[in-house]
Amino acid sequence: MKFEELAEKIQEKNPAIDINEIRRAYQYALEAHEGQIRKSGEPYINHPMATAYKLASMHMDQPTIMAGLLHDVPEDTKKNIKDIKKDFGNEIAQLVDGVTKLGYVKYRGIEKYIENLRKMFIAMAKDIRVIVIKFADRTHNLETLAFLPPNKQLRIAQESLEIYAPIANRLGMGEIKGKLEDLSFPYILPEEYQWLQDKIIVRTQEKRKSLQKFINALQKDLTKNHIDFYSIHGRSKHLYSLYNKLLAHNRDITKIYDLVAIRIIVPTVSVCYECLGIVHQFCKPLKGRIKDYIAQPKPNGYQSLHTTVFTSAGDIVEIQIRTKDMHYEAEYGIAAHWDYKEKKTNYSDKLDWVNELSKTFKEYTGSEKKFLETVKLDIFQNRIYVFTPKGDVIELPEDATPIDFAYAIHTDIGHNCTGAKINDQISSLSAKLKSGDVVDIFTDKKRGGPSEDWLSFVKTNSAKKHIKIFFRKNRSNKLAKLLKIED
Ligand code: MN
């Protein structure tokens, strides 16, 4: 890749960036990696260049793109992190250092896995941009994985699938998650991958013509009804998520309705709903398949309207309607929320779980295996959104209870919780909450603290922790009183 290509991408996505600074980082990396060749036979500089290019495509800021160019310098060249700090300043040096540290992390069985997650979350809590650089770096490594020996291929693919992809998902980075999974898939399950490829190619070729006809007709109809839209196009599903869906449907591809989806990008939220109305007049929707992720976003922040319709040719097609902002967010999640001026994300309430986990990691001292189970629940479990009576949103893991909810609001509300109403119905404290529930908690200060049996049903680490701490303190207080009496 030529420098001009990168410069052009940056100009397109973020014209405020100083290209001279980017060029300086590029020259620095070029000299440092001079003479180094990648396994693919290309000059080494192509790798940091590809990384920086991906970061530019994600609209990342200047320090992040520069750190992307420099990310392998301390590990693989004569220049170290101190040199980078001297030449590029603290911010960029810290980003590079974070990426380098993550680089030491390798997938080697369960204990190492925990160690990996630990490092990753501590780095993420410090500066979320580190993980974004790592994603770009890893994506390019996967793209060039064919040149590595088979044992390394498997290790890197596994690590990407089991660690990086779920984290990308939790950060709402759908495009990155899909890429990490699809690039790893052929190395982990080669035969399954081939089987799917064969199946998909036949299926999509069968459908391509009739789908294009449908898109054209729909486009005309939207125009006729004065619906303003930027684009309408077909998109095929990411292979690995399709594979998982197929497994859930006994490998019957005719059951997958969103094999190819049509995506309509419109200017505003109200046009989204107008557009949905026109679509439903144009073709019949399938019962039970209309999803309003705008009013009720997915836990990772995803927003769109989804509907599945019958086309005039008798096919079943999913249609997704969203604004430009929603589209960008769906592709790049956390990266879409980076505030260039404030140098922080305005996504921070959605990152509470990162800080929470990072703390848990730092404080934990017990058995690794048990820990993995609890942490896995927190990261990989689906999340739900529950509302307070005032309409504030509380994010919780699936199957969380009113007690989890109470502790998520405030420790004292948890400790003093005496009852709960879910959607205006009195309910038990161990009831399982669902997305969209409105939860009202009753408290009484005379309650005097939590029940120990709450531990048998609460789902969040934070509720567990607060209950345990309460009883630990209580016991030592009792003990102290007892000792005083005996004195
Ligand atoms: Mn690298």
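For clarity, every value in this text was computed on a predicted model and none was experimentally measured. Indexing begins at 1, ligand by ligand and atom by atom, following the structure's order.
Proximity of a side-chain donor or acceptor of Asp198 to a complementary backbone N or O of Trp195 within less than 3.5 Å is not detected. In terms of modelled atom types and a separation under 3.5 Å, the side chain of Arg263 and the main chain of Arg322 share no donor-acceptor contact. For the pair Asp404 (side chain) and Thr460 (backbone), a donor-acceptor distance under 3.5 Å is present.
Residues satisfying the side chain to side chain donor-acceptor pair (under 3.5 Å) test with Thr307, not counting sequence neighbours, are His280. For Asp252, the side chain to side chain contact (heavy atoms under 4.5 Å, CB included) test picks out Thr254, Lys255, with sequence neighbours left out. Every residue meeting the side chain to side chain contact (heavy atoms under 4.5 Å, CB included) condition with Ala146, not counting sequence neighbours, appears here in chain and number order: Tyr187.
Around the Mn ion (ligand 1), the protein N, O or S atoms closer than 2.8 Å are His47 NE2, His71 NE2, Asp72 OD2, Asp137 OD1, listed by chain and residue number.
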